[in-house]
Amino acid sequence: MKRIFSGIQPTGEIHIGNYVGAIREWVRLTEDYDCIYCVVDFHALTVEYPVDEMAKRTLDTAIVLIACGLTPEKCKLFIQSAVPEHTELAWIFNCVTPVGDLERMTQFKEKARQHRGNVNMGLMDYPVLQAADILIYKAEFVPVGEDQIQHIELSREIARKFNGRFKPLFPEPQVILSRAPRILGLDGKSKMSKSLNNYIGLLEEERTIWEKLRTAVTDTNRVRRYDPGNPHLCNVFTIHTAFSEKGLLEEIERDCRSARIGCIDCKRMLFERIIEEIAPIRERVEEIKKNVDYVFEVLNTSALKCREIAKRTIDEVREALGLLSLKKG
RNA sequence: AGGCCAGUAGCUCCAACGGAUAGAGCACCGGACUCCAAAUCCGGGUGAUGGGGGUUCGAAUCCCUCCUGGCCUGCCA
């Protein structure tokens, strides 16, 4: 079975954009692939963060992932910092990665601009650690959003360079682009994100979700109730496509274009569909939280298994690099 | 380790003579209008001027110190 790797940062609050764009796909992919998923807490260190919240955020993120269906029966789910071999490999990859490549990364440039007061090496090295995450498991596929394509390309280049210079140990990982359309934030402008506060949290109260959805930006050309709308210019409709059945979508598209329904009607239907899908997740989160030991157990077991794989890769890498080995035999 | 520069609202800041209530743009919040939003209009500053100490009747402003960041020099596997 081909192997998949992907990671998510412990932001503390997972939103429906994360869910439909990544997590739900991750669950689906467990059917056909050997999947390794990771809460990438080391990556989260590259920007300033509240130190006293990191552990909780990481745990909460893991709980949501399990509640969404990334159970130990289906995949390995662990915390990045629990497998230190990732960083060892990242160091080695550093030594085959041109600085210019990293300076050219659009995410780096963007974040360096945003966090002008803290442009650290980790921020620039982010994609290299990512490459190490993937390649230490020799994963061949990486389900990520469009914004990560450039990083995965770098992973391929790093693999190619290492393979050529030392020994062909690594596959060149391929992106699996999410089938889900890119959901924008409630402002209808930018990607849904916690920092922009334009998100609907997966675990938010129904009341809050409705308030946010009710005031979400729609097709700005549709001013009056009797104006026909254009669903393809409407972010609410885009979110619909992530949550609603084909039949309902066709119905809404037709009724929106003919002004049979208004945006509020459309939003109500979407609200119901969202709740229908995420309510069970919220319930499972509550269940899981009653037994946190289980979560630790899951994370630990996975980390141990992953560490076995990671150590094997590291051994091969060290040998390929020509380092002196003190191991017997 | 040393030198120079900087730190003011969520963000960007060339507002503010040692003087009264610390400003602008954007963002944000409330209201009107909307099927809901958007746009527009009306209303709101949301801040311990990086921390601490000092001088002064009075400090964002002057002095000391610490912290953070930038640039430079030195040292270093």
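Chain A is the first sequence line, chain B the second, and so forth, proteins listed ahead of strands; every chain is numbered from 1.
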Dot-bracket notation for RNA chain B, counting Watson-Crick and G-U pairs under 3.5 Å, with | for partners on another strand: (((((((..((((.....[...))))((((((.......))))).)...(((((..]....))))))))))))....
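Using atom P as the reference point in both B:A38 and B:C11, the two lie 24 Å apart (nearest Å). Rounded to whole Å, the separation between the P atoms of B:G7 and B:C62 comes to 10 Å. Here, B:G51 and B:A60 have their C1' atoms 15 Å apart, quoted to the whole Å. Spacing between B:G18 and B:U55 at atom C1', rounded to whole Å, works out to 11 Å. For the P atoms, the distance linking B:C5 with B:C64 amounts to 12 Å, nearest Å. When the C1' atom is compared between B:A9 and B:C4, the two are found 29 Å apart, to the nearest whole Å. Nucleotides B:G30 and B:G23, compared at atom P, are 24 Å apart to the nearest Å. Comparing the same atom, P, in B:U21 and in B:U12 gives a spacing of 29 Å after rounding to whole Å.
Remark: A:G262, A:C263, A:I264 in residues 258-266 of chain A come within less than 4.0 Å of RNA chain B through at least one heavy atom. Using a 4.0 Å cutoff on non-hydrogen atoms, no part of residues 184-203 of chain A comes near RNA chain B. For residues 104-125 of chain A, proximity to RNA chain B is found at A:R116, A:G117, defined as any non-hydrogen atom under 4.0 angstrom from a strand atom. Within residues 228-235 of chain A, no residue is approached by RNA chain B to less than 4.0 Å at the level of any non-hydrogen atom.
Among the atoms of the strands shown, only primed sugar atoms or phosphate atoms (P, OP1, OP2) are found under 4.0 Å from some heavy atom of A:T215. Among the protein residues, A:V217 comes within range of the sugar-phosphate backbone only, with heavy atoms under 4.0 Å from sugar or phosphate atoms but none that close to a base.
Salt-bridge check for A:E206 with A:R282: passed, with a basic side-chain N closer than 4.0 Å to an acidic carboxylate O. Salt-bridge check for A:R273 with A:E276: passed, with a basic side-chain N closer than 4.0 Å to an acidic carboxylate O.
Atom CG of A:N221 and atom P of B:C35 are 16 Å apart (whole Å). For the pair A:D227 CG and B:A37 P, the interatomic distance rounds to 16 Å; values are reported in whole Å. The distance between atom NE2 of A:H240 and atom P of B:A37, rounded to the nearest whole Å, is 16 Å. Between A:L270 atom CG and B:A37 atom C1' the separation is 14 Å, expressed in whole Å.
Between A:F108 and A:H151, the distance separating the two ring centers is not shorter than 6.0 angstrom.
Considering only residues two or more places apart in sequence or on other chains, A:C263 meets the side chain to side chain contact (heavy atoms under 4.5 Å, CB included) condition with A:T218, A:R222. Qualifying ring pair (Phe, Tyr, Trp, His ring centres under 6.0 Å) partners for A:F42, counting only residues two or more places apart in sequence or in other chains: none. Annotation: side-chain hydrogen bond (donor to acceptor under 3.5 Å, both in side chains) contacts of A:R165 (sequence neighbours excluded): none. Evaluation of the side-chain hydrogen bond (donor to acceptor under 3.5 Å, both in side chains) rule for A:R260 yields no partner, not counting sequence neighbours.
Remark: side-chain polar atoms of A:R24 are paired, donor with acceptor, to backbone N or O of A:A242 under 3.5 angstrom.
The shortest side-chain heavy-atom distance between A:L135 and A:T313 does not fall under the 4.5 Å cut-off.
Side-chain contact, A:T106 with A:Q150: a donor N or O sits under 3.5 Å from an acceptor N or O. For the residue pair A:D293 and A:N291, no side-chain donor N or O sits within less than 3.5 Å of a side-chain acceptor on the partner.
Here the shortest heavy-atom pairing between A:A82 and A:R307 reads O-CD, 4.1 Å. A:L123 and A:N118 make their closest contact through CD2-O, 4.4 Å (heavy atoms, listed as atom of the first residue, atom of the second, distance).
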With a cut-off of 3.5 Å and sequence neighbours excluded, list every side-chain donor-acceptor pair involving residues 64-79 of chain A.
from  : atom 1 : to    : atom 2 : distance (Å)
A:T71 : OG1    : A:E73 : OE1    : 3.1

For residues 87-95 of chain A, tabulate all N or O donor-acceptor pairs below 3.5 Å that involve a side-chain atom, not counting sequence neighbours.
from  : atom 1 : to     : atom 2 : distance (Å)
A:T87 : OG1    : A:P84  : O      : 2.7
A:E88 : OE2    : A:R318 : NE     : 2.9
A:E88 : OE2    : A:R318 : NH2    : 2.9
A:N94 : ND2    : A:D125 : OD2    : 3.1

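Counting only residues at least two apart or in different chains, side-chain hydrogen bond (donor to acceptor under 3.5 Å, both in side chains) contacts with residues 37-48 of chain A comprise A:D41-A:S81, A:H43-A:Q80.
Using cut-offs of 30° and 60° for the angle between ring planes, the A:H15 and A:Y199 rings count as tilted.
Judged by distance alone with a 3.5 Å cut-off, no donor-acceptor contact links the side chain of A:T220 to the base of B:A38.
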